[in-house]
Amino acid sequence: MLVVAAAAIPSPAVAALSTAAVALGDSFISGEGAGSYEPVVDVNGTSRGFPGWSAANTDAYFCHRSAGASLHRADLPGIQARFNLACSGAQPQDLARPGQDRPRGRAVAAQLDQLRAVAGAYDIDLVLIGLGSNNSRFTFGDVASECANRFIADAWTGWWELWAYINGPVEQEPCTADDLATAAQVAAAVEETRAAVRGLLTTLDAVDADGQHRVVFQDYTNPLPTDVVPSLYTEDDRADDRDKFRALGAERYRAGCPVHRASLAAGHSFSSALGSLVSAVYAGLSAEFPGADLVHLNVQRAFDGARLCESGADPAAALATPIRLQDGPTGVFLTDLAGYDKIAVQRIASSCVSYFQTCQESWHPNANGHAVLGRCLTGAAATAARTVTCTRSPDGQLTVR
């Protein structure tokens, strides 16, 4: 009689599972800025569609999971299902804990719990993870609003007009690198992010049906150039290094880049630090999990030449969303601030603070930008290399290698 060892017989359950790709992390992964946002199941199991502009920003819908996110735009041969579990504004701790467990977190289950649910029905072959821009020390949204608010305050009000501010005085000096994130804060964020992603890798090892999966660590690209196009240097003979420059302020707002030229270097130092953060997390976990299939995807130059205000003043030509504000939770985005006085401009800017969903798409990849990131992911999913760089050339060609 022929005896066959049980271990030689494939499990019918494993053999029957369809393959899946899963996205985890924050806004650059969820699809923030791409539109076409899908309902999101909240921590109570309720599917949340758009709740209205005046709803609490903690609503699960404002995770802004887009049908146009890079996960859905990538060419992934062999993948039969895709699950976007990322959430705009997510922090490392949101992998293991429900977002609502922290201030301003969204009411969704822990991303690892969502991952376990997917793994119960699918064989996970690819995971895209993007974390680090938001953490317990700093967040991308706060960094962006800091520099934009300083510019808007400087453009519309004099240094002495403190009475004009609705929510208290706002600094009017350009941002410095330490205003955005100090070296100590970045170092702490590396450890926080590494611990969270360590939990992800451990969970995958426990729940993935066949134990075979690639994890792609994506970093970030800056939506702004190193300097604005010369046509945005001055207006009415006023530059942004003097007190009050409303016409120039309105012009840069129309173009989508209301920010001091002197703040741009600090912004690029910040995005470079985020790149180093992701690289350090990848390197550390590659050493801890030497047998894991891990790939670092560097997208810091994926928008070269197509950032806001880099080659022209038309935001529609860029790969990132312009800053756009609403005058309260009206649903009407203001494309121009020309003609508004300082009181109105401060009220409009304050709406973003009170109802963050009215401006949270600002300075994120747009639909075309997420499509570019999808092409970057295509390369990272297929390569034998451990580190992949996705770069856009001046003629618009994308190179992934």
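Computed from a predicted structure; not experimentally measured.
Atom CD1 of Ile29 and atom CD of Gln111 lie 10.0 Å apart (nearest 0.5 Å). Within the model, atoms CZ of Arg392 and OG1 of Thr221 stand 10.5 Å from one another, a figure rounded to the nearest 0.5 Å. Considering SG of Cys390 and CD of Gln218, their distance stands at 9.0 Å, rounded to 0.5 Å. Note that the CG atom of Leu308 and the OG atom of Ser362 stand 9.5 Å from one another [nearest 0.5 Å]. Atom CZ of residue Arg261 and atom CG of residue Leu224 lie 13.5 Å apart, to the nearest 0.5 angstrom. Between Arg198 atom CZ and Leu285 atom CG the span is 6.0 Å, to the nearest 0.5 Å.
Between Arg65 and Glu38 there is no salt bridge, since no side-chain N of the basic residue sits under 4.0 Å from a carboxylate O of the acidic one. Contact check on Asp125 versus Arg214 returns no salt bridge, with no Lys/Arg side-chain nitrogen under 4.0 Å from an Asp/Glu carboxylate oxygen. Under 4.0 Å is where a charged nitrogen must lie from a carboxylate oxygen, and between Arg137 and Glu192 at least one such pair does.
Taking the six-membered ring for Trp, Tyr122 and Phe83 have ring centres closer than 6.0 Å. Ring centroids of Phe28 and His370 are separated by 6.0 Å or more, keeping the two rings apart. Taking the ring centroids of Phe140 and Phe270, they lie at or beyond the 6.0 Å cut-off. Outside the 6.0 Å centre-distance limit, the rings of Trp53 and Tyr61 are not counted as a close aromatic pair. For Phe245 and Phe151, the distance between ring centers is under 6.0 angstrom.
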Could you please spell out the steps behind the side-chain hydrogen bond (donor to acceptor under 3.5 Å, both in side chains) verdict for Ser145 and Asp142? CA-CA 5 Å; Ser145 62; Asp142 289 343; 4.6 Å; no
Step by step, would you call Tyr233 with Asp227 a side-chain hydrogen bond (donor to acceptor under 3.5 Å, both in side chains)? CA-CA 9 Å; Tyr233 283 3; Asp227 198 1; 3.2 Å; yes
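A pairwise comparison of heavy atoms in Ala34 and Ser66 identifies CB-OG, 3.4 Å as the closest pair. Heavy atoms only, all atoms of each residue included: Arg252 and Asp240 are closest at NH1-OD2, 2.6 Å.
In this structure a side-chain-to-backbone donor-acceptor pair under 3.5 Å is present from Thr157 to Ala153. At distances below 3.5 Å, at least one donor-acceptor pair connects side-chain atoms of Glu310 with backbone N or O atoms of Ala306. A donor-acceptor contact shorter than 3.5 Å is absent between the side chain of Arg401 and the backbone of Thr389. Side chain of Ser30 to main chain of Cys63: a donor-acceptor pair is present (N/O by atom type, distance under 3.5 Å, no hydrogens or angles). Put simply, the side chain of Gln360 gets close to the backbone of Phe62: a donor and an acceptor are under 3.5 Å apart.
A cation-pi contact, defined as under 6.0 Å to the ring centre and within 45° of the axis, links Arg324 to Tyr253.
Checking Gln357 against Asn57 by side-chain atom types alone, a donor-acceptor pair falls below 3.5 Å. In the model, His213 has no side-chain atom that pairs as donor or acceptor with a side-chain atom of Asp293 under 3.5 Å. Between Thr202 and Asp205, the side chains place no donor N or O within less than 3.5 Å of an acceptor N or O (distance only, hydrogens not considered). In summary, the side chains of Asn298 and Tyr220 do not present any donor paired with an acceptor at a separation below 3.5 Å, with no hydrogens or angles considered. Side chains of Thr176 and Asp179: a donor on one and an acceptor on the other come within 3.5 Å.
Checking Arg104, Arg106, Arg102 one by one against Asp94, the salt bridge (charged side-chain N to carboxylate O under 4.0 Å, His left out) holds for a single residue, Arg102.
Between Tyr37 and His64, the ring planes lie parallel to each other; the angle is under 30°, not in the 30° to 60° tilted range.
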